[in-house]
Amino acid sequence: MRFLVVGGAGYIGSQMVRHLLQANHEVVVADTTRPRYDIEWVGLDIADADALDTLFSLYRFDAVFHFASYIQVGESVSKPGKYYRNNVAATLVLLEAMVRAQVMCLIFSSTAAVYGDPQRIPIDEQHPKLAINPYGRSKWMVEQILEDFDRAYGLRSVCLRYFNAAGADPHGEGGECHEPETHLIPLILQAAAGRREAVTVFGRDYDTPDGTCIRDYVHIADLASAHALAVVYLLEGGASTAFNLGNGQGFSVQQVIDMAREVTGRDIQVVDAPRRAGDPPRLVADAGKAREVLGWRPVHDSLEEIVRHAWHWEQKYPWH
Ligand code: UFG
């Protein structure tokens, strides 16, 4: 099979590319950034319809994986235009180019942020979509656009709603490196490595057992395997749908810090701060649908392993 991976230079996209190459697929990456690994790369912005038409005229793709988006919730509140332009408008350009080229299968990176403040835990796919920030709304808008594109043109898609993507490639080939970094686990490990003074805990007054926020951390290698199953599902004629991807187990910020102390054997300085705007107290997935329909079986589902792989990556690449 030949696949186009849009946003294949990023944290999760590059894990997907490694997964597809290991399964002997042909892969082309389209990204504005050059990947850090060796791959056929086309430097393009998906907002550029002409560049997409050229790309689709050069290769016949069986499906497209779309990882390219802005992901910072806080920034999406202060710069909504940036999020709607990149995450929604540019995706629309990609979808129209796919229809012109008759590439009719898409795997789309969505997010738990489409649900907003949870009304029940664990969260299943039927939970109301009441996103509370432009980032979550931008992903939900694309999901709705995808339903319309299926109805109008027969473009079938699977939307994968990630909970908290975490960890690093189990073989040490890649890991998290956002600029600026806002995610909990890499920030904790940077503090463990002495690359930052301390990690800040945003809020200890939540209605949770230890007062800190609870999240469902899911390993990027397990996310990649879910995408691979999703594309098989689509290519075998499966109907457009959405799946939650999470382990169904929640860990508090404090539990993640404690686990990082254990894994690294280092002291990790902690500074307490008020709640971060827009953080729901608890997000835990019901991913039963992905297990039943796709046969998805996460294999790196312990917090210890997620933190250990991330720590290995942090130590292997003493960048910055
Ligand atoms: N946190 C801290 N200190 C930090 C960073 C984070 O205490 O320095 C806390 C947050 O308040 C939150 C938890 O750690 O309770 C996890 O925060 P992250 O920033 O790592 O992840 P989020 O849960 O905010 O966001 C993730 C994805 C988003 C996605 C969201 C879905 O990164 O892209 O899940 O709800 F939108």
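When a ligand or atom number is given, it counts from 1 through the structure's own listing order.
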- Within 6.0 Å of CD in E197, more than 12 heavy atoms from elsewhere: no
- Which of the atoms in ligand 1, numbered in the order shown and given with their element, are less than 4.0 Å from a heavy-atom of T200? 2 (C), 3 (N), 4 (C), 7 (O), 8 (O)
- With heavy atoms of I71 as the reference, note each atom of ligand 1 found under 4.0 Å away. 33 (O)
- Message: Strictly below 4.0 Å, N to O, side chains only: are R100 and E96 in salt-bridge contact?
- Response: no
- Query: In ligand 1, which numbered atoms sit nearer than 4.0 Å to a non-hydrogen atom of T182?
  - Reply: 5 (C), 19 (O)
- Query: What part of R215, side chain from CB on, backbone N/CA/C/O, both or neither, has a heavy atom under 4.0 Å from ligand 1?
  - Reply: side chain
- Message: Determine whether a donor-acceptor pair (N or O, by modelled atom type, separation under 3.5 Å) exists between the side chain of H171 and the backbone of E173.
- Response: no
- Using a strict 4.0 Å cut-off to heavy atoms of L283, name the atoms of ligand 1 that fall inside it. 35 (O)
- Message: Looking only at the aromatic ring of each residue, does the gap between the centers of H227 and Y162 stay below 6.0 angstrom?
- Response: yes
- Item | Structural part of D279 in contact with ligand 1, heavy atom criterion under 4.0 angstrom | side chain
- Message: With a 3.5 Å distance limit and no angle check, can you tell me whether T264 reaches the backbone of R266 through a side-chain donor-acceptor pair?
- Response: yes
- Query: What part of V73, side chain from CB on, backbone N/CA/C/O, both or neither, has a heavy atom under 4.0 Å from ligand 1?
  - Reply: side chain
- Item | Flag for S109-H66: side-chain donor and acceptor within less than 3.5 Å | no
- Salt bridge between R120 and D124, side-chain N to carboxylate O under 4.0 Å? yes
- Any sub-3.5 Å donor-acceptor pair from N164's side-chain atoms to R215's backbone N or O? no
- Item | Heavy-atom donor-acceptor pair, K316 side chain to E314 backbone, under 3.5 Å | no
- Proximal atoms of ligand 1 relative to V201 (non-hydrogen, under 4.0 Å): 7 (O)
- Message: Distance under 4.0 Å to a non-hydrogen atom of Y135: what atoms of ligand 1 satisfy this?
- Response: 29 (C), 33 (O), 36 (F)
- Message: Using a 3.5 Å cut-off on N or O atoms only, is C213 in polar contact with ligand 1?
- Response: no
- For atom 9 (C) of ligand 1, grab the closest protein heavy atom and report residue, atom and distance to one decimal in Å. V253 CG2, 3.7 Å
- Short version for Y162: what comes under 4.0 Å of ligand 1, heavy atoms counted, is neither
- Query: In terms of heavy-atom contacts, does CZ of R34 have more than 12 from other residues, nucleotides or ligands at under 6.0 Å?
  - Reply: no
- Could you tell me if the ring centre of F65 sits under 6.0 Å from that of F3? yes
- Query: How far is atom 32 (O) of ligand 1 from its nearest protein heavy atom, and which residue and atom name does that atom have?
  - Reply: H183 NE2, 2.6 Å
- Query: When only distance counts, is N164 in polar contact with ligand 1, meaning an N/O pair under 3.5 Å?
  - Reply: yes
- Check if Y217 has a non-hydrogen atom at a distance under 4.0 Å from any atom of ligand 1. yes
- Message: Among all protein heavy atoms in this structure, tell me which lies nearest to atom 17 (O) of ligand 1, with the distance rounded to 0.1 Å.
- Response: R276 NH2, 3.5 Å
- Query: What's the shortest distance from atom 8 (O) of ligand 1 to any protein heavy atom, and which residue and atom give it?
  - Reply: L187 CD1, 3.3 Å
- If you measure every N/O of F202 against every N/O of ligand 1, is any gap under 3.5 Å? yes
- Per-atom contacts, ligand 1 versus A113 - under 4.0 Å to a heavy atom: 31 (C), 35 (O), 36 (F)
- Which atoms of ligand 1 have any heavy atom of T111 under 4.0 Å away? 29 (C), 31 (C), 36 (F)
- More than 12 heavy atoms of other groups within 6.0 Å of Q126 CD: no
- Report the nearest protein non-hydrogen atom to atom 20 (O) of ligand 1: residue, atom name, distance rounded to 0.1 Å. L184 N, 2.8 Å
- Is the NZ or CZ atom of K82 positioned over Y70's six-membered ring, under 6.0 angstrom from the centre and within 45° of the axis? yes
